[in-house]
2 protein chains.
Amino acid sequence: MSAAAVSFAVNDRPGVSPETRERILAAARELGWRPSASARALTEARTRAIGLVLARDAAQLDVDAFFVRFLSGIGRALSAADYALLLQLVPEGAAAALPAYERLAAAGRVDGFLLTDVEVDDPRFAVLEAAGVPVLLAGRPVGECPFAWVETRHEEGMAGPVAHLARLGHTRVCFFGGRADFEHVQVRRERWRNAVDDAGVEEGVAVHAADDEMAEAARVLLTSEPTAVVCGSDVLAVALVRAARERGLDVPGDLSVTGFDDSPLAALSGLTSVRVDYAEFGEAAAGALLAELGVAEAPAFEPSAPELVLRASTAPPPSRG
Amino acid sequence: MSAAAVSFAVNDRPGVSPETRERILAAARELGWRPSASARALTEARTRAIGLVLARDAAQLDVDAFFVRFLSGIGRALSAADYALLLQLVPEGAAAALPAYERLAAAGRVDGFLLTDVEVDDPRFAVLEAAGVPVLLAGRPVGECPFAWVETRHEEGMAGPVAHLARLGHTRVCFFGGRADFEHVQVRRERWRNAVDDAGVEEGVAVHAADDEMAEAARVLLTSEPTAVVCGSDVLAVALVRAARERGLDVPGDLSVTGFDDSPLAALSGLTSVRVDYAEFGEAAAGALLAELGVAEAPAFEPSAPELVLRASTAPPPSRG
DNA sequence: TCTCTCCCCTGAAGCGCTTCAGGATTGCTA
DNA sequence: TAGCAATCCTGAAGCGCTTCAGGGGAGAGA
């Protein structure tokens, strides 16, 4: 039972007889022995860990249905391959994150990175390409991108609420979205426009708002006297509902509102929303990265279709007075 | 410039002249060289990483103000010491988490663990004590516990809303909390009782509800015709507000409701709530663990007092009809 | 001038694995 | 029975650091 034999046995490699292998594994089990991750990392030149750097303020994260579901999906993929996740939260802004990537990469702490919140001309691309670390994007890159990516079918989710509102009898549907410089916001707005055309209803106004401008933007949106608004997130929808109530409007009596993400917030607030499976997305992204690392099979990612979840925030339009 | 000299220079240890040190560091900077984390881990017998295993369902996490703020606090403490966070999400239930702890500990992937969501007779204590890994609890243990812990002053936060409601003229204040077998829920309930006494108002009913029973429990609570309810979380408060509205009650006209945590949910819903600084808590917990690892000074944790955040869900009681 | 001390620096060992070349054993064929 | 291949196992090297013992040079005291 030399060290080499143990290594073969533990790593399920040929070179030991079945009996010896079993004897070794039994001994290991009995002693509670496991190969030292550090020693393996040194000899194998890989750490069995992937990195995720989040550059968002806590306030933004903790209302976000995406983040945690995505994380739990990552967890599923990683634990199957006995990989670990190195998570680093840094203050908002991709620029602040660059040193974090650089450090983790240069010290060889991770075998690869998962990138989310991809921006236009993302500065991380150059840094990470130069570092020569495997990278996988969770989300569609804008413009040139040296890395592979996976994406959900979230944009398709805009069709459901619009069609639903049209069926209820609404003839004009507005859009309320987040910051226009996010790719996913742009795409959703585009899909809203298509859906409005397809449904044969009138295209209402489209309003964008950053997190700290939601209330004001909602009030502006309401001046156009909409009867139906599809929102790009549940948070926006809740802000809109609140603004409507303050204006004396009944939801859904006077105004129908739909959210997006189907976060717990939507369930709590009785919001019709669109459910996108972000856990599945995280699993696919981590799986694809592992495949790139040669650790797992490339998973065939068939993103499931977004699902419209009906609740109490949508109803037929008010009858004309 | 032998390897040994480089090691001394990089680790800021005596044994090299200032000039040589500077020359080495300059060369390292120029080459973009950093010591390999794996090699260091092997020789130093520490990984410069701590572990956090979360055994919660995603659905519970992503509405939870605690988790993400706590994480960002951990991040602050760790990055100062150049430590990393190994995060693992496992399905709900502490039992499912045990193998995860065991694996990380046996493989020596982390230098210590941070424990949250501490339960009565927590099975993790025995496993981790046997493993001989440094551990620090974020939260107050119930009963015997071999590890050090830090805690916030969250319970004090119950006094604020009760006193506020009393000042507004309410004469009876109810309590609506989460599962009674959580330590923090118990403590908050106790403090509500004290606060009610102190304020000289009547102690209303106390109702507990798990996440999937909130709506029903809220309806039950409302049968006692309360005018004021303090809740143990924002989520509960929102559920209560919703149930009240369905019953035709106006909040805050007919019923005053306060939340807890001051999550984004509270801001969105205009909920009077109690803000506890969980980021500070995370930083203190991680800092204390690092101190136990001999990596940092033991931080003097002075938890800040919870702060009552007034919003539109509280008002004087309805005048008697 | 010689010795002693102190300060810088280097050589070599070793952390716990993986890997590769090669030794020992067995079973088979000629 | 000799010869060969296949199989199982072991010894030793090496991954990139840290650490420790010790070599050398310079300055100080005798």
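Within every chain, numbering begins at 1; the chains are lettered A, B, ... in the order of the sequence lines, protein sequences first and strands thereafter.
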Exercise. Going through the distances and angles, do B:E144 and B:D121 end up as a side chain to side chain contact (heavy atoms under 4.5 Å, CB included)?
Worked result: CA-CA 8 Å; B:E144 284 292 296; B:D121 293 328; over 6 Å; no
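- Taken from CG in B:L52 to CG in A:L85, the straight-line distance is 11.0 Å, to the nearest 0.5 Å.
- If you check every strand for non-hydrogen atoms under 4.0 Å, A:S2 touches a base.
- Whole-Å rounding puts the B:F8 CZ to C:dC8 C1' distance at 10 Å.
- Distances shown here put a side-chain N or O of A:R40 below 4.0 Å from the OP1 or OP2 atom of C:dT18.
- Relative to the axis of its first five pairs, the axis of the last five pairs of the helix from C:dT1-D:dA30 to C:dA30-D:dT1 sits at 60°, rounded to 10 degrees.
- Protein atom CD1 of B:I24 is 12 Å distant from nucleotide atom P of D:dT18, rounded to whole Å.
- Taking each heavy atom of A:F147 and A:V133 in turn, the nearest pair found is CE2-O, 4.4 Å.
- To the nearest 0.5 Å, atoms CZ (B:F67) and CG (B:L54) are separated by 4.5 Å.
- Distance B:R21 CZ to C:dC8 P: 9 Å, rounded to the nearest Å.
- Across A:V295 and A:A81, no two heavy atoms sit closer than the pair CG1-CB, 3.8 Å.
- Judged by distance alone, the side chains of B:D277 and B:S304 never bring a donor and an acceptor atom under 3.5 Å apart.
- Taking atom CG of B:L42 as the reference point, atom P of C:dG16 lies 7 Å away to the nearest angstrom.
- Distance CD (A:E44) to P (D:dG14): 19 Å, rounded to an integer number of Å.
- The aromatic ring centroids of B:F70 and B:Y278 lie 6.0 Å or more from each other.
- Here the shortest heavy-atom pairing between B:V90 and B:A100 reads CG1-CB, 4.1 Å.
- Spacing between atom CZ of A:R46 and atom P of D:dC15 amounts to 18 Å, rounded to whole angstrom units.
- For A:A39, whose side chain is taken as the heavy atoms from C-beta onward, the closest listed nucleotide among D:dC17, C:dC17, C:dT19 is C:dC17.
- Per the geometry, CZ belonging to A:R48 stands 12 Å off P belonging to C:dC17, to the nearest Å.
- Along DNA chain C, the nucleotide nearest to B:T43 and the one nearest to B:R23 differ in position, and the one closer to the 5' end is contacted by B:R23.
- A close approach under 4.0 Å does occur between a side-chain nitrogen or oxygen of B:S7 and OP1 or OP2 of D:dT18.
- Note that CZ of A:R40 and OG of B:S38 are 13.0 Å apart. Values are rounded to the nearest 0.5 Å.
- Heavy-atom distances under 4.0 Å link DNA chain D to A:G15, A:V16, A:S17, A:T20 of residues 10-20 of chain A, given in residue order.
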